[in-house]
Structure formats: structure tokens, C-alpha cells
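Only one structure is covered here, and it is reproduced in the block below.
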Amino acid sequence: MSLTNPILCLFEITDPNLIVTGISKERCSTNQRIHVVHATLSYQLLKCPHCGHKSLIKNGTHMSHLRLGTLSGGRYEMHLKRQRYQCKDCSKTCGAKTKLVNRNETFTHNIKHQVIVLARDMLTSKEIAKLCGISPSSVQRILNANIHLAYRVKHLPENLCFDEFRSCNHWMSDRLSKDIIDYFEARFSVQERAQVQSVTIDMNAEYGSFIHRLFPNAATIIDRFHIIQLAGRALDNERTQTIRTIQDKHSRIYHILKSQWRLFHLDEIKVNDSKAVYLRGINEYMTQQNAIDLALDAFPRFRSVYQTYQGILSAIHQKDANAFQSLLTNYQPTSNQMDITINTFIKNGSALLNSCRYPFSNGPIEGLNRKIKALKRNCFGFRNIDNFFIRISLIHE
């Protein structure tokens, strides 16, 4: 019984002109074991591809060494005997062709596809090379030849997100205003950029300086996460300063502020005020609300910062722009850490209130940045930024 069809099916080879003649194991110059599939490629060629005459005769074979995709992590090759033909009219020769591999190449389409699939899983070039039985430089050549970075997207979306990530040599990608302005003005017309309706950014002041220039009809939105993060940082700074003023390091208030800091970041409606629980650090049973009240009653200044934080948290969660505006307008400075945060919010004005008016956030691009960081960590960084962008395009598809 012929084993040709089952063996070709294993490697997903559908060329009907290929015939498997045998299977063997050999060792290469590096003492690596190679699984070799011996095959022949022959078919009836009707006319000469050079002159068009039908006076063709068979003229021996040519041996090609093709690299196949791996089945069990080893190295698989095909030693393919291609039929050669000679034209008696023009004396030129030609050979049998197959769609298994491109002309003058040894890597089959199967192994190229395998490399790209493994690259999408954020593996390093060395790991991909080890799994496919090829060299790391061959992995990069395959990626460079098959992945092409687009000069621009076909259409700008109506809602954009802006953020940056750390790329090669400790530089931040897409951070400089000049580079961003040049990118959009060189690739997109004014009419295309005018169709953008909103741009979501973080608290980076650089972004706000050029958004209206690039997208004249877009509303600027500050991401809600960064608003709460900035307010939470002010709350933590005030809590830290309060802890330093406590002389008795064994008091209940000290341990509440020191170990139960997460309670002060909870939304008021989520704080448990009825069931007593064991709080580590304090080593007592009490409700969460009771622990918070003990700290707030002892330090009125910290209470003021906490109440402002809760007002910001409530306005963001309920997406109430009027409540947020009222909080900023009626805020009275008390020389605490929240004063700087409120001044930052007032400077950003409408962009900050738009976070309550629009449903958009930087969630999608933050998720992509998380994948980019994982890719950098898995690959131990990149020296070539073009190779880095190629790998990013693969995980972004």
C-alpha cells in the first residue's frame, strides 16, 4: 500500500505531481538528526516555456533540499528530485515546478506559516527557531519577507486613542509632538482628519497641545482611569504624610492608615458597614466603615481629602458631568495634596468633563500596550526597532 497520500497530508501538501519514494533519518554537519522525506516531481510538459515549441525531451533530474514544517519539534526536510526538460528547438532547459515552495527558495510555505503563527504567540526568535528546526536569523528573514508594515490605515476611525510605550534604547515611542504631527499631516488629508469626532488621551500635556491642530472637529477626552489614578495618588500622599505625624507606632489609628490603605480607595457604596470582619494589621474584628471613621475622625485634614476623592469617584462612576463641574467649582484649597490635583483638573477643563459625557476610554490601547510589554519581556528587549514593529503588527492582528 502506498504511503504517499498520508505523508503528504501530514505536511498539508496537495501537489498531485509529488510522489513520496521513501523516508529516512540522517545527521547534518552539526550532528543534528534530520527526518528526510524522499520524493520526485514529474509531469508531462507540453511546450517549451522559452520558445513555445513542443519538441521537449526529458533531461535528467535536479535535487532540491526543501525545509518542511515540523511535526514533533525536530528538523524535517524533503529531498525532491525535479524532472528536467530540454527543448530540441532552442536547446534551453527548464524544470518541473511546484506550489510547495517559491522559486530559488528552500523554505516551504508550510514552515513560513508555522513561524508566523508562533510569532503571534509572542515567542522569541530563538524559541521559534528551536521549534521549527531553523536558525534565528532565518526566522527573522521569514518575518521580514512576509510581514509588511502599512504606510497608513485606509480610513481614520471616528474615535482615536493616544498612548505611548517604551521601545528600543530606552526611548518612548510616539512621544514627541513633532513626530506625531508629521505622521498625521504627511499621511492624511485635512478632510480625513476632520472626520475624527473624539480623541481619548491620558494626562500628558503634550497630547493636548496638538490635537485641535490635527483634528479640528474632535472632542478631547481624558481617560477616566487616569483621573481616578491621579486623585488616588493625592489621597495616598496625604495618608503617608498623616502617618508620619503619628508618634505612637502601635496605635490603632496608625495600623489602620498603614495596613488598611485599600479601604480608603473603595467607593463609599461598597464599604461594608454592618458585618464585622477580621482586619489584618489591626488584629481586631470591626466593620470596614468603623475603621475608616476612626482614621477620619482623628485627622480632619485627611477627611477633607478623602471626601473630595469620594466625590470624584462618584462623579466618574455615575458619569455625572454636572456633579464633577460643581465639585471643581466649589472646591476650597486647604493646603493639602489634593489641591495640586484639583488645579490640574481645572486646567484640563472641558477635556476632563468629556470623560463623563462620552463612553470612550483608553482601554483598547492600554490592552495593546500590555501585550507589547509582555512581548518585550518574553523576547528580552529588541535592538532593532523595525523588527520590534513587525512583531507588534503580528500580535495586533
Side-chain angles (χ1 to χ4, degrees), residues 116 119-120 122 140 142-227 319 321 344-373 375-376 382 384-397:
I116 293 173
R120 287 197 179 101
M122 296 188 289
Q140 194 58 56
I142 291 174
L143 294 177
N144 292 342
N146 292 274
I147 307 300
H148 303 285
L149 299 177
Y151 179 73
R152 49 157 283 174
V153 295
K154 294 182 179 180
H155 303 286
L156 280 175
E158 293 182 351
N159 306 289
L160 291 176
C161 299
F162 272 71
D163 201 3
E164 70 280 339
F165 62 89
R166 191 175 298 278
S167 56
C168 301
N169 300 323
H170 305 288
W171 290 98
M172 297 296 291
S173 296
D174 298 333
R175 183 79 174 189
L176 299 178
S177 302
K178 180 180 179 300
D179 296 337
I180 300 175
I181 292 172
D182 291 344
Y183 176 86
F184 281 100
E185 290 185 342
R187 290 166 173 79
F188 302 98
S189 64
V190 177
Q191 292 76 15
E192 289 178 304
R193 289 186 274 117
Q195 295 178 0
V196 177
Q197 297 180 1
S198 68
V199 178
T200 307
I201 60 175
D202 54 18
M203 302 295 287
N204 183 8
E206 288 290 330
Y207 292 152
S209 63
F210 59 78
I211 286 179
H212 183 69
R213 170 181 171 179
L214 293 177
F215 314 104
N217 299 327
T220 305
I221 305 171
I222 293 180
D223 185 49
R224 291 182 288 274
F225 168 79
H226 292 89
I227 297 174
K319 296 183 179 180
T344 303
F345 289 165
I346 293 174
K347 289 179 181 179
N348 288 277
S350 61
L352 185 127
L353 296 178
N354 284 338
S355 63
C356 299
R357 299 184 180 122
Y358 292 87
F360 309 112
S361 71
N362 265 2
I365 198 169
E366 292 290 355
L368 177 60
N369 283 354
R370 180 67 182 84
K371 291 182 179 180
I372 293 173
K373 292 177 182 178
L375 173 65
K376 283 185 60 180
F382 289 83
N384 189 311
I385 195 168
D386 293 329
N387 294 343
F388 190 26
F389 286 159
I390 287 175
R391 296 298 297 271
I392 292 174
S393 67
L394 284 172
I395 64 175
H396 182 50
E397 289 180 353

Original post:
Can you check side chain to side chain contact (heavy atoms under 4.5 Å, CB included) on Ser355 and Ile227, steps first, answer last?
Top reply: CA-CA 9 Å; Ser355 63; Ile227 297 174; 3.4 Å; yes

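- Pairs of residues two or more places apart, or lying in two chains, never qualify as salt bridge (charged side-chain N to carboxylate O under 4.0 Å, His left out) while including a residue from residues 351-370.
- Using a 3.5 Å distance cut-off with no hydrogens or angles, the side chains of Asn159 and Ser198 do pair a donor with an acceptor.
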- Message: For Phe382 and Arg391: C-alpha separation, side-chain torsions, deciding distance, then whether side chain to side chain contact (heavy atoms under 4.5 Å, CB included) applies.
- Response: CA-CA 10 Å; Phe382 289 83; Arg391 296 298 297 271; 3.9 Å; yes

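- Taking 4.5 Å as the limit, every side-chain heavy atom of Asp163 sits out of range of all side-chain heavy atoms of Ile201.
- Side-chain atoms of Arg152 come within 3.5 Å of backbone atoms of Lys154 as a donor-acceptor pair (strictly under, hydrogens ignored).
- Asn354 approaches Ala219 most closely through the heavy-atom pair ND2-CB, 4.1 Å.
- Closest of all the heavy-atom pairs between Ala218 and Val199 is CB-CG2, 4.0 Å.
- Remark: Asn384 CG to Ile390 CD1 distance equals 8.0 Å, nearest 0.5 Å.
- In this structure, the side chains of Leu156 and Arg193 come closer than 4.5 Å at one or more pairs of heavy atoms.
- Separating the CZ atom in Arg224 from the OG1 atom in Thr200 is a distance of 8.5 Å, to the nearest 0.5 Å.
- Both tests hold for Arg187 against Tyr151: distance to the six-membered ring centre under 6.0 Å, angle to the ring axis within 45°.
- With rounding to the nearest 0.5 Å, the separation of NZ in Lys371 from CE in Met122 is 7.0 Å.
- A salt bridge links Glu185 with Arg213: the closest approach of a Lys/Arg side-chain nitrogen to an acidic carboxylate oxygen falls below 4.0 angstrom.
- Paired with Phe162 under the rule ring-ring contact (aromatic ring centres under 6.0 Å, His included), one option of Tyr183, Tyr207, Phe360 passes, and it is Tyr207.
- In terms of heavy-atom proximity, Cys161 sits nearest to Ser361 at SG-O, 3.5 Å.
- Residues Thr220 and Ser350 have side chains not in contact (no heavy-atom distance under 4.5 Å, counting atoms from C-beta outward).
- In this structure, the separation between CG on Leu375 and CD1 on Ile392 is 6.5 Å, given to the nearest 0.5 Å.
- Counting only heavy atoms from C-beta outward, the side chains of Leu143 and Ile116 approach each other to under 4.5 Å.
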Subject >> Step-by-step side chain to side chain contact (heavy atoms under 4.5 Å, CB included) determination, Phe345 to Met203 >> reply: CA-CA 9 Å; Phe345 289 165; Met203 302 295 287; 4.1 Å; yes

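- A ring-centre distance under 6.0 Å is not found for Phe184 and Phe210.
- The side-chain heavy atoms of Phe225 and Asn362, taken from C-beta on, include no pair separated by under 4.5 Å.
- Put simply, the side chain of Phe388 reaches to within 4.5 Å of the side chain of Lys376, judged on heavy atoms.
- Nearest heavy atom pair, residue Ile147 against residue Ser393, reads CG2-OG, 3.3 Å.
- Between Asp202 and Ile222, the closest side-chain pair of non-hydrogen atoms is not below 4.5 Å.
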Can Gln197 and Asn217 be said to form a side chain to side chain contact (heavy atoms under 4.5 Å, CB included), step by step?
-> CA-CA 6 Å; Gln197 297 180 1; Asn217 299 327; over 6 Å; no

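- How far CG of Leu352 is from OG1 of Thr344: 10.0 Å, rounded to the nearest 0.5 Å.
- Taking the side chain as every heavy atom from C-beta outward, Ile180 and Leu214 approach each other to under 4.5 Å.
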